[in-house]
Amino acid sequence: MFVVALDLLKKIDDLGYVAYIVGGYPRDKYRGEDTEDIDICTNMRYEEIKKYFEICISYPKMGSFTICYKNVLFEITTFRKEGKYLDYRHPYSITFVDTLEEDIQRRDFVMNTLCIDKEGEYIDLLGAREDIDHKIIRVVGDVKDKMSEDPLRMIRALRFSINLGFVLEDTLKEEIKRNIDSIRKISMKKIEEEIKKIDSPEGQETVRKLFKTNK
């Protein structure tokens, strides 16, 4: 799958655009663990993507697409900046941008900002590899803003901590303690979906008790 993904990045480059593998795959590959979940970000917009690729699922307003390339499905997002979060889950507005540097700022944790380019080389704009090496979870940007925008990120941070064996950076830990009750702004269904991604039943129960949720 990785070889096909690199071929897709080169195809996008040949078309005059740029694209990178981003998110969990570069993080886990750097840690020595290959996965089958590859997400791609690019400066291609919907109008260009639909000209050259088979789109299976599309959310054009969000700049989010699933395409089929050489019989493999890939999640693709257009570089973007996000406005205020008015419902604690989704940005009120989306502005498409042209560079990876702008796009990377909207992401949640520094360790998840590591990218891979068309040559298979790591692109590390915010120090993701250092955080991975030190097994620490830091927020991109202002920790208070990121946690208040989407309180589900608090559970996401704990999930990564449990599954990866990483520790929360002190300001993130304190922000979770201060705003733990804000999780009530999120639907129980979304909370439980996130908790179920925790690898161990013991870890799941610990998080449920911490946030005082029920199955």
Drop me the distance from [X]'s [atom1] to [Y]'s [atom2], to the nearest 0.5 angstrom.
X	Y	atom1	atom2	result
K197	F160	NZ	CZ	8.5 Å
I136	E169	CD1	CD	5.5 Å
T95	F79	OG1	CZ	15.5 Å

Are [X] and [Y] joined in one hydrophobic group, where the rule is that I, L, V, M, F, W and Y side chains link up if heavy atoms are under 4.5 Å apart?
X	Y	answer
F211	I162	yes
V97	I94	no
V207	M154	yes
I132	I104	no
I155	I180	yes

[X] versus [Y]: any side-chain heavy-atom pair under 4.5 Å?
X	Y	result
T77	F65	no
R80	T78	no
F74	I38	yes
Y25	D39	no
M147	N179	no

Going by the rule side chain to side chain contact (heavy atoms under 4.5 Å, CB included), which residues pair with [X] if we only count those two or more places apart in sequence or in a different chain?
X	result
S161	I137, L168
D117	Y20, E119, E121, I123
K189	S187, E193
V140	Q105, V110, T113, L126, K146

What residues form a salt bridge (Lys or Arg N to Asp or Glu O under 4.0 Å) with [X], not counting sequence neighbours?
X	answer
D14	none
D133	none
E75	none
E174	K177

In residues 1-12, what donor-acceptor pairs under 3.5 Å come from side-chain atoms, sequence neighbours left out?
residue : atom : partner : partner atom : Å
D7      : OD2  : Y69     : OH           : 2.5
D7      : OD2  : K70     : NZ           : 2.8

* Any pair counted as salt bridge (charged side-chain N to carboxylate O under 4.0 Å, His left out), so long as it reaches residues 26-36, sequence neighbours left out ->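 For residues 26-36, and leaving out neighbouring residues, the salt bridge (charged side-chain N to carboxylate O under 4.0 Å, His left out) pairs sorted by first residue read D28-R31, K29-D34, R31-E33.
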Donor-acceptor list for residues 46-61 side chains, cut-off 3.5 Å, not counting sequence neighbours:
residue : atom : partner : partner atom : Å
E48     : OE1  : R45     : N            : 2.6

Practice task
Mind running side-chain contact (heavy atoms from CB on, under 4.5 Å) on I191 and I195 for me, showing each step along the way?
Solution key: CA-CA 6 Å; I191 293 171; I195 289 176; 3.8 Å; yes
ask   = Is a donor on one side and an acceptor on the other found under 3.5 Å between the side chain of N163 and the backbone of D199?
value =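 Yes.
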Of all the heavy-atom pairs spanning [X] and [Y], show the shortest one and how long it is.
X	Y	result
M44	T42	N-OG1, 3.1 Å
L172	A157	CD2-CB, 4.1 Å
D142	D145	OD2-N, 2.8 Å
G203	I198	C-CG2, 3.9 Å
P151	I183	O-CD1, 3.6 Å

Y30 meets the ring-ring contact (aromatic ring centres under 6.0 Å, His included) criterion, sequence neighbours left out, with Y122
message = Set out, in order, the CA-CA distance, both residues' side-chain angles and the distance that settles side-chain contact (heavy atoms from CB on, under 4.5 Å) for R153 and E149, then state yes or no.
response = CA-CA 9 Å; R153 286 174 176 153; E149 284 176 351; 2.9 Å; yes
Does R178 CZ have over 12 foreign heavy atoms under 6.0 Å away?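 Yes, because the 6.0 Å sphere around CZ of R178 holds more than 12 heavy atoms from other groups.
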Got a salt bridge between R106 and E102, using NZ or NE/NH1/NH2 to carboxylate O under 4.0 Å?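 E102 and R106: not salt-bridged.
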#### Entry: Residues K135, D131: salt bridge by 4.0 Å N-O rule
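A salt bridge is absent here (no side-chain N lies under 4.0 Å from a carboxylate O).
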Given side-chain contact (heavy atoms from CB on, under 4.5 Å), test D108 with R156 step by step and report yes or no. CA-CA 9 Å; D108 51 8; R156 183 171 162 84; 2.4 Å; yes
task = Please step through side-chain contact (heavy atoms from CB on, under 4.5 Å) for the pair C41 and I76, ending with a clear verdict.
result = CA-CA 6 Å; C41 61; I76 296 185; over 6 Å; no
